[in-house]
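Notes for the one structure printed next.
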Number of protein chains: 2
Amino acid sequence: MKKLMNSADAFVDEMLDGLVAACPSLRRSGRVVRTAAGPAPGRVGIVSGGGSGHLPLFTGYVGEGLLDACAIGDVFAGPSVASCVEAIRAADGGAGVLLLYGNYGGDRMNFDLAAESVEFDGVATRSVLGADDIASAAPAEAHKRRGVAGIVYAYKIAGAKAATGADLDAVSAAAAATVAATRTIGVALSPCLIPGAASPAFELGDQEIEMGMGIHGEPGIWRAPLTSADAIADEMVDRLLAEPVEESSKRVSVMVNSLGATPLEELLIVYRRVSARLADAGLTVVMPLIGHFATSMEMAGLSLSICRLDGEREALLAAPAACPFWRV
Amino acid sequence: MKKLMNSADAFVDEMLDGLVAACPSLRRSGRVVRTAAGPAPGRVGIVSGGGSGHLPLFTGYVGEGLLDACAIGDVFAGPSVASCVEAIRAADGGAGVLLLYGNYGGDRMNFDLAAESVEFDGVATRSVLGADDIASAAPAEAHKRRGVAGIVYAYKIAGAKAATGADLDAVSAAAAATVAATRTIGVALSPCLIPGAASPAFELGDQEIEMGMGIHGEPGIWRAPLTSADAIADEMVDRLLAEPVEESSKRVSVMVNSLGATPLEELLIVYRRVSARLADAGLTVVMPLIGHFATSMEMAGLSLSICRLDGEREALLAAPAACPFWRV
């Protein structure tokens with residue numbers, strides 16, 4: 001497992017240098033990336049943040065109709081309080097800032113401290129946490145679940161809601177409803193290598209896979225030999241559809257997300273089965289998202305997310321948006 | 001190396017099923033993918049084709065302002081004559097069809113036979129071959145070079161030219177000029193696995209890389225231990241800039257393309273160096289393309305393409321276009 005880098009220490013900063021060199025729409029200051037245009041005055045700002053190593057998550061979603069700013073940490077490590085504060089200030093257009101990030105202890109602590117800090121300056125914040133990974137806790141303890149690829153739906157829908165001029169409570173409510181309507185499960189086929197580490201983050205046997213593994217290699221539900229794509233897709237769909245959901249809508253978006261090395265061909269083979277299974281369940285898929293949305297560098301595997309849509313969420317999901325690696 | 005599939009025999013057809021299930025803008029008939037809207041009457045059609053295993057190449061570029069139809073073969077194997085014929089007919093809007101595909105012997109033979117076949121029915125065709133891989137032959141034998149990721153520039157520019165209503169000669173000339181203005185070199189870090197094969201397509205040592213390897217594992221220029229991202233980027237830029245080019249324009253687009261497993265983080269680290277080197281050489285980069293554009297399934301590595309732009313090509317590159325995995 002080889003990495004194209006100059007040094008482990010420079011990995012994140014050189015990645016960010018490359019990002020802003022490639023994207024004239026972005027600006028960087030330390031470990032904060034923001035839009036060059038800055039927050040629209042009077043509009044709610046949206047900030048996210050998290051560890052590096054998951055591109056396009058998190059910094060790749062800074063752009064029109066999505067995030068206003070993002071605080072970024074080392075590989076698989078949360079951003080500092082100072083970066084969170086700076087990102088919030090960068091996103092503040094006078095109407096408050098939504099902090100929308102994944103449910104990890106360190107990120108929560110640092111964003112909470114940052115929110116307190118900016119409150120002194122009169123910047124109102126709300127926090128909504130992505131918690132879509134159904135493999136990370138039982139439904140009764142859904143508040144303990146980790147945030148993974150499904151947070152992209154919350155970015156998109158909250159970003160589009162903010163663009164309508166909605167206030168902080170309304171944008172936060174749209175984000176929270178999207179988180180509540182979105183569930184994800186992943187399957188890992190091979191590990192990734194953290195820059196500078198002597199060995200991969202975990203090991204899997206030659207023909208072994210792990211259902212439910214997290215995007216930092218957190219343990220999943222089971223390990224077993226690789227079976228067919230259809231059998232794997234079926235289990236993922238079954239587990240997602242068994243989840244309690246409040247919505248009665250039969251319209252959903254689906255994300256088949258490569259964790260890194262798994263190619264588009266295999267995502268499409270899985271999507272083929274997923275879409276047939278969802279049709280059998282009486283669900284209509286709109287705007288499926290297939291590709292690299294939230295990765296673990298070169299980890300092989302994929303995650304499947306289902307986002308239940310009501311009329312407003314469907315319209316907001318389809319609203320125009322543009323960030324470096326995704327355009328709607 | 002594990003693959004998410006049901007069987008090697010079903011790999012390509014199930015992938016195509018997934019593609020059309022995900023993309024209402026596409027239609028499939030056997031091994032041909034075309035736009036649902038069909039060719040615009042009176043407009044030049046554009047057809048490509050090639051082996052599977054390179055998504056988004058080739059079928060992923062069927063869409064508005066890009067390809068009208070695509071003929072697809074098995075993994076790393078060219079499309080049949082019958083598929084080529086069917087793709088050409090599907091793309092024919094009455095103004096002729098440009099056949100724009102990579103310079104590989106089998107593809108050339110089958111597209112040539114297909115062109116003869118449709119000529120009987122009065123469908124005029126021209127052929128332009130992608131031949132951007134500088135590692136595959138010396139400049140004096142540029143006609144022997146293989147087509148790799150750089151063909152995406154020709155798709156985009158020829159597609160935009162066709163959308164202006166230009167005639168077959170003009171669209172073919174735009175494609176040919178783009179091929180002549182585009183050079184690519186790749187570096188491989190690890191092999192891919194062809195579905196059903198007992199072992200990877202080639203082997204590389206634990207810390208070994210191969211400069212100039214082709215997208216089917218064709219031999220490159222040298223093998224040596226992995227060095228720094230900057231050293232690798234420097235050699236790739238040096239080799240590309242040493243190429244003879246007719247253009248005097250100082251404006252270029254650059255593509256940093258993952259061959260599969262190499263993550264966005266590493267593409268950006270390389271792009272950072274590439275953009276600095278091109279600036280030093282007096283070149284201005286517009287519209288850099290960074291991501292997965294032409295892969296070898298789960299191969300690790302990347303390719304770097306430089307496309308020299310004149311005023312018309314720059315405008316055509318920036319014109320709106322939409323296909324399943326790319327939107328401009």
Side-chain angles (χ1 to χ4, degrees), chain A residues 1-7 10-12 14-19 21-23 52-53 55-56 60 75 187 189-190 192 206-209 226 228-230 232 256 260-273 275-276 285 288 290-292 295 297-298 300-302 324-325 327-328, chain B residues 1-7 10-12 14-19 21-23 52-53 55-56 60 75 187 189-190 192 206-209 226 228-230 232 256 260-273 275-276 285 288 290-292 295 297-298 300-302 324-325 327-328:
Chain A
M1 204 171 281
K2 302 154 201 164
K3 296 188 98 70
L4 286 168
M5 63 181 191
N6 293 301
S7 75
F11 190 85
V12 172
E14 291 189 348
M15 174 273 283
L16 293 172
D17 284 343
L19 182 71
C23 305
S52 290
L55 281 178
V75 172
V187 63
L189 275 64
S190 75
C192 62
D206 267 0
Q207 286 304 317
E208 197 179 36
I209 65 173
L226 176 65
S228 72
D230 284 0
I232 293 166
V256 183
T262 291
L264 269 173
E265 284 82 0
E266 298 174 30
L267 303 183
L268 290 170
I269 288 169
V270 168
Y271 178 73
R272 170 195 134 275
R273 180 69 168 196
S275 64
V285 178
I290 300 172
H292 292 78
T295 67
M297 295 181 289
E298 67 279 83
L302 58 79
F325 308 104
R327 184 171 291 192
V328 179
Chain B
M1 204 170 281
K2 302 154 200 162
K3 296 189 98 70
L4 286 168
M5 63 181 191
N6 294 303
S7 75
F11 190 85
V12 171
E14 291 189 349
M15 174 273 283
L16 292 172
D17 284 343
L19 182 72
C23 305
S52 291
L55 281 178
V75 172
V187 62
L189 277 64
S190 76
C192 63
D206 267 359
Q207 287 305 315
E208 197 179 36
I209 65 173
L226 175 65
S228 72
D230 283 0
I232 293 166
V256 183
T262 292
L264 269 173
E265 284 82 1
E266 297 173 32
L267 303 184
L268 290 170
I269 288 170
V270 168
Y271 179 73
R272 169 194 133 275
R273 180 70 167 196
S275 65
V285 178
I290 300 172
H292 292 78
T295 66
M297 293 180 291
E298 66 279 82
L302 58 80
F325 308 104
R327 185 171 291 193
V328 178

**Complete:** Taken to the nearest 0.5 Å, the spacing of Asp206(B) CG from Lys2(A) NZ works out to 7.0 Å
**Item:** Option in Met1(B), Glu298(B), His292(B), Arg273(B) with maximal non-hydrogen atom pairs under 4.5 Å from chain A
**Value:** His292(B)
**Message:** Would you compute the distance between atom CZ of Phe325(A) and atom CG of Leu267(B) and round it to the nearest 0.5 angstrom?
**Reply:** 8.0 Å
**Request:** Measure distances from Ala22(A) to the heavy atoms of chain B and classify the residue's part below 4.5 Å as side chain, backbone, both or neither.
**Result:** both
**Asked** Between Asp17(A) and Ile269(B), is a side-chain contact (heavy atoms from CB on, under 4.5 Å) present by the stated rule, with each step listed?
**Response** CA-CA 8 Å; Asp17(A) 284 343; Ile269(B) 288 170; over 6 Å; no
**Prompt:** Contact part of Val328(B) toward chain A, heavy-atom cut-off under 4.5 Å: side chain, backbone, both or neither?
**Reply:** backbone
**Fill in**
If one checks every heavy atom of Leu19(B) against chain A at 4.5 Å, the contacting part turns out to be both
**Prompt:** Under a 4.5 Å heavy-atom cutoff, which of Ala10(B), Ser7(B), Gly53(B), Cys23(B) has the most pairs with chain A?
**Reply:** Gly53(B)
**Asked** Do Asn6(B) and Arg272(A) have side chains that get closer than 4.5 Å, going by heavy atoms?
**Response** yes
**Prompt:** Pro56(A) versus chain B, heavy atoms under 4.5 Å apart: side chain, backbone, both or neither?
**Reply:** both
**Prompt:** Considering only heavy atoms from C-beta outward, does the side chain of Pro263(B) approach that of Leu55(A) to under 4.5 Å?
**Reply:** no
**Asked** Do you know which of Lys3(A), Met5(A), Glu14(A), Met15(A) makes side-chain contact (heavy atoms from CB on, under 4.5 Å) with Glu265(B)?
**Response** Met15(A)
**Asked** Any side-chain heavy-atom pair from Leu264(A) and Thr295(B) closer than 4.5 angstrom?
**Response** no
**Residue, of Ser190(B), Gly260(B), Ala261(B), Ser52(B), that accumulates the most heavy atom pairs under 4.5 Å with chain A** = Ala261(B)
**Item:** Region of Leu226(A) that comes under 4.5 Å of a non-hydrogen atom in chain B
**Value:** side chain
